[in-house]
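Okay, so here's the structure we're looking at.
It should be emphasised that the depicted structure is a prediction, and the values quoted were computed from it without experimental measurement.
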Amino acid sequence: MTCASCSTRVEKKLNKVPGVTAVVNLATERAHVEFPAELSNADLISVVEKAGYGASVLEDDTLDTSDSVARSNDFRRRFIVSVILSVPIIALSMIAAWQFAGWQWFITALGIPVAFWGGWPFHKAAFSAGRHGSSTMDTLVSLGVVTSMAWSLWALFFGGAGHIGYTMSMSGLLSLDAHGHTHIYVESAAMIVTFLLLGRWLESRSRRHAGDALRLLLSTGAPSAKLVQRADGSPADETIPATDLAVGDIFAVHAGQKIPTDGIVVSGSSAIDASLITGESTPIDVHEGDAVIGATILTNGSLRIRATRVGSDTTLAQMGRLLEQAQVGKAPIQRLADQIASVFVPGVLLIALATLLARIFVFDNSLDMALSSAITVLVVACPCALGLATPTALLVGSGRLSQHGVLISGPEALENAHSLDAIALDKTGTLTTGELTIADVVNHTATDTLAVLAGIEAHSHHPLARALVSGAHNRGVEPATVTDVREEVGRGLTARWNDEQIFAGSLAWLRENQVPVPALNEPGTIVACGSRMEFYGYVVLSDTIRTDAIEALTWLREQGIEPMMITGDNLASATTIANQLGITTVHANVLPEDKYAIITQLRAEGKKVAMVGDGINDAAALAAADLSIAMGSGTDVAQASADVTIVESRINVIPKMLRIGHKTLRIIKENLAWAFGYNLLAIPLAVFGIIAPGLAAIAMASSSVIVVANSLRLRNAR
């Protein structure tokens with residue numbers, strides 16, 4: 001499939017079959033099809049093939065990107081060869097002083113491989129569409145190229161343009177009756193093919209990157225598992241592929257390793273880095289009886305886990321399906337050129353035919369003049385400016401954005417950035433740096449809580465412990481000297497200080513050990529300490545707000561875009577950050593599917609929503625949003641799912657991206673309006689003989705120059 005109209009055609013053909021419901025994903029070139037039992041896979045494949053495309057049944061969830069990679073590379077190769085050959089063709093055609101003896105044969109020799117080898121993807125797609133009674137942008141391209149080359153070859157061999165000494169002027173308003181001698185249009189064919197190959201290459205690259213999101217997501221799981229007991233209770237001691245695990249198998253995981261599949265802890269305690277799933281940097285303490293998720297990482301200790309879900313049932317696999325569902329469900333950009341081309345192409349053909357017949361049978365013109373007039377209609381209607389309209393504006397606009405550290409996936413991102421109503425932002429890594437720091441120290445006695453905690457936590461490798469010790473050092477606090485430190489991994493620590501046994505960790509851990517913890521409104525992530533005689537106090541740890549977040553959010557509100565927070569963190573921590581940023585809508589304790597549901601609900605309410613995130617947990621929500629923005633510090637999956645990637649993770653770049661994006665989209669629309677307007681004006685002039693083929697080429701070149709010049713205005717966009 002080469003464009004949105006292709007996927008729409010396949011989808012329509014499948015949905016015409018009784019009982020079939022199909023959704024076609026252009027980005028991944030996959031279709032999700034529900035069909036009745038009386039139909040077979042072969043029946044559905046036959047429907048797709050009759051629509052002019054190939055199909056095969058996927059046996060698993062593995063995303064094979066080899067075809068899309070090959071196609072992107074093919075467009076790139078054809079573009080490079082075509083542009084090298086087209087430069088002398090265009091230069092010699094436009095500048096009469098450079099036209100040496102026999103130049104026309106030289107450019108024709110260069111033009112044939114450009115027109116027919118470089119343009120082969122367009123000719124093939126146009127033939128396929130025509131064979132099934134439809135027309136697309138490729139039909140216009142193929143028709144323009146073939147007509148230009150066919151006329152040029154006729155002119156060289158039979159029309160007088162082939163003699164040595166022939167020159168071609170590109171100036172003057174040449175009427176049909178005064179065109180003097182035959183023109184050739186090799187440069188028109190070369191320009192059409194070269195510029196459209198560039199656009200198609202850029203488009204195929206962005207589509208391939210969209211497919212990469214699924215592949216990257218599915219590759220994040222652990223490749224193997226240390227099996228210690230089989231589901232039937234028999235002992236084992238072997239390393240097996242994670243895909244071979246069965247429900248009920250018990251496997252071991254040690255510090256630094258990924259958990260291979262979803263399960264329940266049967267023995268051991270640990271802190272788990274679940275940022276791949278929750279997006280939050282704060283580790284989760286787990287022990288016997290707690291559920292764990294595949295692809296999360298043990299930060300310390302070791303666990304034995306009984307598998308509860310394997311293969312396609314795991315949380316990771318479900319996230320993959322969720323991401324694909326979101327990508328399929330996202331409405332594709334409405335390709336204005338393709339929509340109008342479906343009516344425009346047959347219209348141009350009818351006009352050219354009518355012109356030919358009218359000049360022969362009504363106006364009694366010669367066949368040469370009639371053919372010249374008809375071909376002028378076709379040549380002047382060639383969509384060179386259409387092909388330039390989007391790629392040139394996109395190249396200049398994206399180049400300008402890249403100077404600000406912003407990468408966009410394609411014109412869809414610019415269109416979707418228009419008229420936003422709300423922007424949903426993940427907390428950790430987006431609004432905050434993801435680095436825990438000490439926000440507050442609360443002493444309930446005369447004891448220096450931070451000093452005692454620093455002394456105890458210095459003996460732990462837990463991420464919270466490291467943040468606390470680092471914070472104490474930065475504040476110049478001398479850690480207390482403690483002895484007999486013992487750690488219960490994933491729970492807390494005990495030590496002796498001033499001849500007392502003291503406990504450090506969560507409030508729940510302290511209460512378990514009979515520390516008299518008072519009733520507290522827990523203000524987020526805290527580490528507390530005390531003895532069985534008294535509660536000393538606690539330290540509040542929180543994310544650091546990005547310095548540029550307030551500025552960016554203020555601008556968004558001024559534009560009528562409501563910022564809201566969607567985070568997997570607890571409500572207390574999320575509310576603390578939100579209050580500092582002036583965000584009034586907060587969704588906390590949300591899982592990946594919750595984020596996706598929130599975005600979907602907002603869109604169902606008629607709002608146009610942007611999503612900003614940085615983790616795998618954000619991937620489905622990013623794909624579901626009208627505009628998805630990934631922070632460059634985040635995971636590859638988040639970036640591959642996004643329309644926009646902010647390389648340096650500076651949130652204040654979002655306003656610049658939206659402003660430049662709006663201007664780029666406006667330029668694209670202006671270019672398209674000019675390209676179609678040019679055709680609406682030029683075609684009648686060609687019909688009535690006001691312009692001849694020579695001026696048709698000038699008009700085409702001029703329209704292209706105007707489109708390029710208009711696009712270059714974006715170089716100074718702010």
Within the distance-only criterion (no hydrogens, no angle test), does the side chain of [X] pair as donor or acceptor with the backbone N or O of [Y] below 3.5 angstrom?
X      : Y      : answer
Gln257 : His254 : yes
Arg532 : Asn513 : yes
Asp249 : Arg230 : no
His662 : Ala417 : yes
Thr314 : Val310 : no
Asp290 : His287 : yes
Arg557 : Gly582 : yes
Gln514 : Glu512 : yes
Arg546 : Ala549 : no
Asn652 : Asp548 : no

Kindly compute the distance separating [atom1] ([X]) from [atom2] ([Y]), expressed to the nearest 0.5 Å.
X      : Y      : atom1 : atom2 : answer
Asp543 : Thr567 : CG    : OG1   : 8.5 Å
Glu288 : Ile264 : CD    : CD1   : 11.0 Å
Arg486 : His459 : CZ    : NE2   : 13.5 Å
Ser224 : Ile240 : OG    : CD1   : 9.0 Å
Ile293 : Thr261 : CD1   : OG1   : 11.0 Å
Ser460 : Leu468 : OG    : CG    : 10.5 Å

Check the side chains of [Y] and [X] for a donor-acceptor pair under 3.5 angstrom, ignoring hydrogens and angles.
X      : Y      : answer
Glu562 : Thr585 : yes
Asp643 : Ser628 : yes
Asn443 : Thr449 : yes

Could you tell me which non-hydrogen atom of [X] sits nearest to which non-hydrogen atom of [Y], and how far apart they are?
X      : Y      : result
Gly397 : Thr664 : CA-OG1, 3.6 Å
Ala574 : Ala588 : CB-CB, 4.1 Å
Ala246 : Ala307 : O-CB, 3.6 Å
Thr600 : Ala624 : OG1-CB, 4.4 Å
Cys529 : Leu453 : CB-CD2, 3.6 Å
Met611 : Ile599 : SD-CD1, 4.1 Å

Any heavy-atom pair between the side chains of [Y] and [X] that's under 4.5 Å?
X      : Y      : result
Met564 : Val586 : no
Pro463 : Thr299 : yes
Pro235 : Gln229 : no
Leu553 : Ile583 : yes
Leu245 : Pro260 : yes
Leu298 : Leu303 : yes
Leu507 : Leu520 : yes
Leu622 : Tyr596 : no

Practice prompt. Assess whether side chain to side chain contact (heavy atoms under 4.5 Å, CB included) is satisfied between Val452 and Leu450, documenting all intermediate values.
Written response: CA-CA 5 Å; Val452 174; Leu450 181 56; over 6 Å; no

Discussion item. Salt bridge or not between Arg309 and Asp262? Use side-chain N to carboxylate O under 4.0 Å.
Written reply: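 Yes.
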
Worksheet item: Can we say Lys607 and Asp626 salt-bridge, meaning some charged N sits less than 4.0 Å from an Asp/Glu carboxylate O?
Response: no

Worksheet entry | With Leu541, the side chain to side chain contact (heavy atoms under 4.5 Å, CB included) member among Ile438, Ile526, Thr437 |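 When Ile438, Ile526, Thr437 are each tested with Leu541, the side chain to side chain contact (heavy atoms under 4.5 Å, CB included) holds only for Ile438.
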
Worksheet entry | Reference residue Trp497; test side chain to side chain contact (heavy atoms under 4.5 Å, CB included); the match among Thr481, Ile456, Thr447, Thr483 | Thr447

Worksheet item: For atom CG of Asn474, is the number of surrounding heavy atoms from other residues, nucleotides or ligands below 6.0 Å larger than 12?
Response: yes

Discussion item. Is it the case that over 12 heavy atoms from other parts of the model lie below 6.0 angstrom from the CZ atom of Arg304?
Written reply: no

Discussion item. Evaluate Phe251 against Ile259 for side chain to side chain contact (heavy atoms under 4.5 Å, CB included), listing each step before the verdict.
Written reply: CA-CA 9 Å; Phe251 53 89; Ile259 297 175; 4.1 Å; yes

Item to complete: Before giving the answer on side chain to side chain contact (heavy atoms under 4.5 Å, CB included), spell out for Ile646 and Met657 the whole-Å C-alpha distance, their side-chain angles and the decisive distance to 0.1 Å.
Response: CA-CA 9 Å; Ile646 298 176; Met657 180 273 296; 5.9 Å; no

Practice prompt. Please work out which of the three classes, parallel, tilted or perpendicular, describes the rings of Phe535 and His444, given edges at 30° and 60°.
Written response: perpendicular

Practice prompt. Please assess Leu420 against Val609 for the test side chain to side chain contact (heavy atoms under 4.5 Å, CB included), listing each intermediate value before the final yes or no.
Written response: CA-CA 6 Å; Leu420 290 174; Val609 186; over 6 Å; no

